[in-house]
Amino acid sequence: MNRLILNMVALVAIVLGGLGLFMFGIDNIVNPSHPTYEKSVGFAAGAANSSGDSSSNGDQAGSAGSSTSGEGKDYNHETSFVELKKLQVKADVGKVKIEWIADGQNRVEWNGKAPQSVIDTISQAEIDHNGTLSLDFSVNRKWKDTPLLDLGGQNYEHNVIIHAPAGFVLEQLDSRVAAGDLSIDGLQVKQLKAVNNLGQIVVKNVQGEFAELHSDAGDIQAVKLDARLDVSSALGKVKLIDTKQDVEASVTTGDLVVEQETPHSVDAKVTLGNIVVKAANGFDGRVTAHSTLGNVSLPDMDGGGALRIKVRTETGNVTVVQK
């Protein structure tokens, strides 16, 4: 009798499960949807962006404090009279994208998809008196309170867009993601820091003075990042394309590629993986390379200049060529 009851319960569960898949679709069950959100905060036009057109500030000021809302969406715009100097972005899970649009609007916009608890928190974010905007997209949810099929937060998306004049330069950007992809595009920032514990980092078309990129497990790709670079990865491939300033790179496990756009120094080391450096035309300096277990290929390009290319790997091949 007990076995019969158990069989009937199992049969009912199978029927209900099949009905759920039919009614809601497997994608909605495995990848549950989340509410969308939008918010923007205007900032004062200061010395950093005085070369741009700040006429839009007056229009924005008229909408300060206004808000509209729709089903599954929370939109809010505020105007601050503080200059934007520093931007801090943090997420424990999900995709994060940070970009800059030169439209002279002097505002920061963030939008995406997230649990309502996150939306409620980030809706309160504003620029403080020091010119810092902190956006914390962390879920901070205990595992026991997390739906079984939503553990990865694969549907969480956060887009941060800086609308500013062409001459705007951010003093500092600090971005950190625990699990998910992080991309940064088109910024002008003096100090850039991008850290990802589990996921890839992609940085494109950024100008600055110094940039630090670090990934514990995930690839790093930087294309046209015009700044001094300090790049490290514990597990993942690193590609630095069209570099213009000095590069320091360290990879534990993974290949490293550096392609110069203009001549500069490179100091790179890899524990397990290959190294390829493509020096720009006009490179004038000394090249040294070493591999404990692997092949080394160097061109005859040693010069008397001050630049240096120093690369070494424990296990892997090393190749240095001139473009």
Just how far is it from atom CD1 of Ile162 to atom CG of Leu84, taken to the nearest 0.5 Å?
6.0 Å
Would you sort out whether Val247 and Leu240 count as a side-chain contact (heavy atoms from CB on, under 4.5 Å), showing the intermediate values?
CA-CA 9 Å; Val247 170; Leu240 311 176; 3.7 Å; yes
What's the separation between atom OH in Tyr37 and atom CD in Gln116, rounded to the nearest 0.5 Å?
11.5 Å
Side chains of Asp103 and His163: any donor to acceptor distance under 3.5 Å?
yes
Verdict with reasoning, Leu192 to Phe210, per side-chain contact (heavy atoms from CB on, under 4.5 Å):
CA-CA 6 Å; Leu192 167 65; Phe210 177 76; over 6 Å; no
Do Ile309 and Leu307 belong together in a cluster built from hydrophobic side chains that touch within less than 4.5 Å?
yes
For Arg312, which of Asp267, Thr288, Thr292 qualifies under side-chain hydrogen bond (donor to acceptor under 3.5 Å, both in side chains)?
Asp267
Roughly how far, to the nearest 0.5 Å, is OG1 of Thr262 from CZ of Phe283?
11.5 Å
Nearest heavy atoms of Gly208 and Gln245, plus distance in Å:
O-NE2, 3.7 Å
Nearest atoms (heavy-atom pairs only) where Gly186 meets Val206
N-CG2, 4.1 Å
If you measure from CG on Leu87 to OG on Ser134, what distance do you get to the nearest 0.5 Å?
8.0 Å
Verdict with supporting geometry, Glu109 and Asn111, side-chain hydrogen bond (donor to acceptor under 3.5 Å, both in side chains):
CA-CA 7 Å; Glu109 169 191 355; Asn111 61 69; 3.0 Å; yes
Looking at side-chain heavy atoms only, is the closest gap between Thr243 and His264 below 4.5 Å?
yes
Side chains of Lys90 and Phe137, heavy atoms from C-beta outward: is any pair under 4.5 Å?
no
So, the side chain of Asn317 versus the backbone of Asn295: is there a donor-acceptor pair under 3.5 Å, distance only?
yes
Does any non-hydrogen side-chain atom of Ile98 lie less than 4.5 Å from one of Ser183?
no
Short side-chain donor-acceptor distance under 3.5 Å, His214 and Ser233:
no
Ignoring hydrogens, what is the shortest heavy-atom contact between Ala280 and Gln260? Give both atom names and the distance.
N-OE1, 3.1 Å
Taking Arg308 for its side chain and Gly305 for its backbone only, find out whether a donor-acceptor pair lies under 3.5 Å.
yes
Report the C-alpha separation of Thr319 and Val277 in whole Å, then their side-chain angles, then the decisive distance to 0.1 Å, and conclude whether the side-chain contact (heavy atoms from CB on, under 4.5 Å) test is met.
CA-CA 6 Å; Thr319 302; Val277 177; over 6 Å; no
Under 3.5 Å, is there a donor on one side chain and an acceptor on the other for Asn130 and Thr132?
no
Mutual orientation of the aromatic rings belonging to Phe168 and Phe43 [parallel < 30°, tilted 30-60°, perpendicular > 60°]:
tilted
Any chance you could lay out the side-chain hydrogen bond (donor to acceptor under 3.5 Å, both in side chains) test for Asn196 and Gln200, step after step, and finish with the verdict?
CA-CA 7 Å; Asn196 200 336; Gln200 69 175 355; over 6 Å; no
Looking at every non-hydrogen atom in both residues, tell me the closest pair between Asp246 and Ser265 and how far apart they are.
OD1-N, 3.1 Å
Here the pair of heavy atoms bringing Trp110 nearest to Val41 is CH2-CG2, 3.5 Å
If you apply the rule salt bridge (charged side-chain N to carboxylate O under 4.0 Å, His left out), what do you find for Arg176 with Asp174, and how did you get there?
CA-CA 7 Å; Arg176 300 171 183 268; Asp174 189 340; 3.2 Å; yes
Joint cluster assignment, Val118 & Ile161, ILVMFWY side-chain distance < 4.5 Å:
no
Would you check if the side chain of Gln188 reaches a backbone N or O of Trp100 as a donor-acceptor pair within less than 3.5 Å?
no
Counting only N and O atoms by type, is there a donor-acceptor contact under 3.5 Å from the side chain of Lys39 to the main-chain atoms of Ser123?
yes
Shared hydrophobic cluster, Val82 / Leu173 (ILVMFWY, side-chain heavy atoms < 4.5 Å):
yes
When you compare the side chain of Arg228 with that of Glu209, does any pair of heavy atoms fall below 4.5 Å?
no
Is Val320 linked to Val238 within one hydrophobic cluster, defined over Ile, Leu, Val, Met, Phe, Trp and Tyr using a side-chain heavy-atom separation of less than 4.5 Å?
yes
Does the Thr313 side chain pair with the main chain of Gly273, one donor and one acceptor, at a distance under 3.5 Å?
yes
Report the C-alpha distance between Val203 and Leu213 in whole Å, list the side-chain angles of each, state the deciding distance to 0.1 Å, and finish with yes or no for side-chain contact (heavy atoms from CB on, under 4.5 Å).
CA-CA 9 Å; Val203 182; Leu213 312 178; 4.1 Å; yes
Out of curiosity, Ser291 OG to Asn274 CG, how far, rounded to the nearest 0.5 Å?
8.5 Å
Can you tell me how far the CD1 atom of Ile241 sits from the CD atom of Glu259, to the nearest 0.5 Å?
4.0 Å
Given the rule in the salt bridge (charged side-chain N to carboxylate O under 4.0 Å, His left out) test, do Glu314 and Lys269 qualify, once you have shown the distances and angles that lead to the verdict?
CA-CA 8 Å; Glu314 296 295 327; Lys269 58 182 179 180; over 6 Å; no
Could you work out, with side chain to side chain donor-acceptor pair (under 3.5 Å) as the rule, every residue matching Asp284, not counting sequence neighbours?
none
Within the structure provided, determine whether Leu182 and Ser175 are in side-chain contact (heavy-atom separation under 4.5 Å).
yes
Between Ala211 and Leu225 the two heavy atoms that sit nearest each other are CB-CD2, 4.0 Å
pair Val139-Val93: side-chain heavy atoms closer than 4.5 Å
yes
Single-linkage hydrophobic cluster, 4.5 Å side-chain cutoff, Leu298 and Val311 together:
yes
Okay, side chain of Asn159, backbone of Gly112: is any donor-acceptor separation there less than 3.5 Å?
no
Flag the pair Lys224 and Asp242 as a salt bridge only when some basic side-chain nitrogen lies within less than 4.0 angstrom of an acidic carboxylate oxygen.
yes
Within-4.5 Å side-chain heavy-atom neighbours: Val231 and Ile220:
yes
With the side chain counted from C-beta on, respond yes when Ser40 and Val108 share a heavy-atom pair under 4.5 Å apart, and no when they do not.
no
Ion pair Lys86/Glu171, N-O distance below 4.0 Å
no
Regarding Asn281 and Gln322, do their side chains bring together a donor and an acceptor under 3.5 Å, going by distance alone?
no
